[in-house]
Amino acid sequence: MAKIDFTITDLRSAMPKYEEGQEVTTEVLHHAENVYHFFHDRYLKLEEDLITHDEVSDALINYDESLEVFVNETKAMVRYGKTASQGLYSYYLDLLENYNELRAVINSRESISIVNIKALENYKLVLEKKVIAEANDSIFNEYRFETIEDVREKIYDDAHYNRWEYSRKDLARAWNQLEELTGIMIEVREELNTRQPDEEKLTVLQDELNDVVSGNVSFIING
């Protein structure tokens, strides 16, 4: 599972070559389109697995949107043969403001580190389905469990859990694994949401996750 970084170098590559007073030409448009597609593609990958500060998400969204607006306005001007830059400059200033905000966020974190934990999320869903199946296969057939919340409601009833623990060991084992995985993943997200994630703590959490998933899923945690 890959760690995706977005650095200052990447951001510099995602800034249109334009300045005040510059004539609006097809060259300006083509470069703006290229940097927009570069940034937007990276942004979509970042957005998919973003586990970080709200300020990071906001900064990425704002810059992506302002880039799109800049490209559309440039395209309209080129289409109608309007080469004077006055009409475009206000959009450029908005773009520049969002660029500087995103740059400040990246500088504060050295890079935006995104951790793809989809494999863990998918494994969690597998465990939930296993718990539901085991619960429905239990001797307590007076219940029909449709969701993990249905099981959770009964599992936290001490009487039911004690009966399951001794009579349905597969169910108890799957439930305990699911609860442990869920708890550790919450800790991982909380740590990654800090401004300076503790690498030592993340290493410990990764070891704990490895113990829980027992090699059934591959993942990487990077702060």
Side-chain angles (χ1 to χ4, degrees), residues 1-7 42-62 64 102 105-106 108-136 138 143 145-165 168-223:
M1 188 173 298
K3 171 188 175 186
I4 306 169
D5 288 328
F6 192 83
T7 65
R42 292 298 303 276
Y43 164 66
L44 290 178
K45 292 177 182 177
L46 294 168
E47 181 189 40
E48 183 179 357
D49 300 301
L50 194 63
I51 311 172
T52 184
H53 293 292
D54 288 341
E55 66 178 359
V56 174
S57 179
D58 289 344
L60 288 168
I61 292 170
N62 290 341
D64 184 69
L102 181 54
V105 170
I106 297 175
S108 71
R109 298 174 62 87
E110 295 183 354
S111 69
I112 299 174
S113 297
I114 307 303
V115 180
N116 182 346
I117 62 168
K118 278 192 174 297
L120 287 172
E121 292 284 4
N122 290 338
Y123 186 64
K124 182 170 173 282
L125 290 176
V126 170
L127 280 179
E128 289 180 356
K129 291 178 181 178
K130 182 177 180 180
V131 166
I132 294 170
E134 290 286 349
N136 283 326
S138 73
Y143 302 108
F145 301 100
E146 299 292 341
T147 68
I148 196 64
E149 286 73 24
D150 295 339
V151 182
R152 190 181 304 277
E153 181 179 345
K154 293 298 180 184
I155 211 85
Y156 280 130
D157 180 328
D158 289 342
H160 283 95
Y161 181 73
N162 289 337
R163 291 161 72 194
W164 277 341
E165 188 173 24
R168 300 296 302 178
K169 294 187 183 300
D170 289 343
L171 171 59
R173 188 180 303 113
W175 175 259
N176 290 336
Q177 187 181 19
L178 174 61
E179 287 293 272
E180 191 171 359
L181 175 63
T182 302
I184 299 172
M185 287 177 66
I186 289 173
E187 286 191 67
V188 169
R189 289 178 182 276
E190 288 176 348
E191 186 59 36
L192 290 170
N193 275 338
T194 62
R195 189 166 293 278
Q196 292 184 323
D198 186 329
E199 294 291 341
E200 185 175 342
K201 183 174 181 179
L202 288 175
T203 299
V204 171
L205 290 171
Q206 177 154 336
D207 289 341
E208 291 178 0
L209 282 169
N210 279 323
D211 289 340
V212 172
V213 303
S214 303
N216 289 309
V217 60
S218 175
F219 63 94
I220 296 174
I221 297 175
N222 288 303

Inset, instruction - Apply the test side-chain contact (heavy atoms from CB on, under 4.5 Å) to residues Glu208 and Glu180: give CA-CA distance (whole Å), side-chain angles for both, the deciding distance (0.1 Å), then the verdict. - result: CA-CA 9 Å; Glu208 291 178 0; Glu180 191 171 359; 5.9 Å; no

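Remark: Leu178 CG to Lys124 NZ distance equals 6.0 Å, nearest 0.5 Å. The CG atom of Leu60 sits 10.5 Å away from atom CZ of Arg42, with the distance rounded to the nearest 0.5 Å. Rounding to the nearest 0.5 Å gives a distance of 10.5 Å between CD of Glu179 and CG of Leu127.
With hydrogens and angles disregarded, no donor-acceptor distance shorter than 3.5 Å links the side chain of Asn136 to the backbone of Ala133.
Contact detail for Trp175 and Ile148: the closest heavy-atom pair is CZ3-CD1, 4.0 Å. Scanning all heavy atoms of the two residues, the minimum distance from Ile132 to Thr147 falls at CD1-C, 3.6 Å. The two residues Ile61 and Tyr43 make their nearest non-hydrogen contact at CG1-OH, 3.1 Å.
The closest side-chain heavy-atom distance from Met185 to Thr182 is not below 4.5 Å.
In terms of the side chain to side chain donor-acceptor pair (under 3.5 Å) criterion, residue partners of Asp64 (sequence neighbours excluded) are, by chain and number, His40. With sequence neighbours left out, Glu146 forms a side chain to side chain donor-acceptor pair (under 3.5 Å) with no residue at all.
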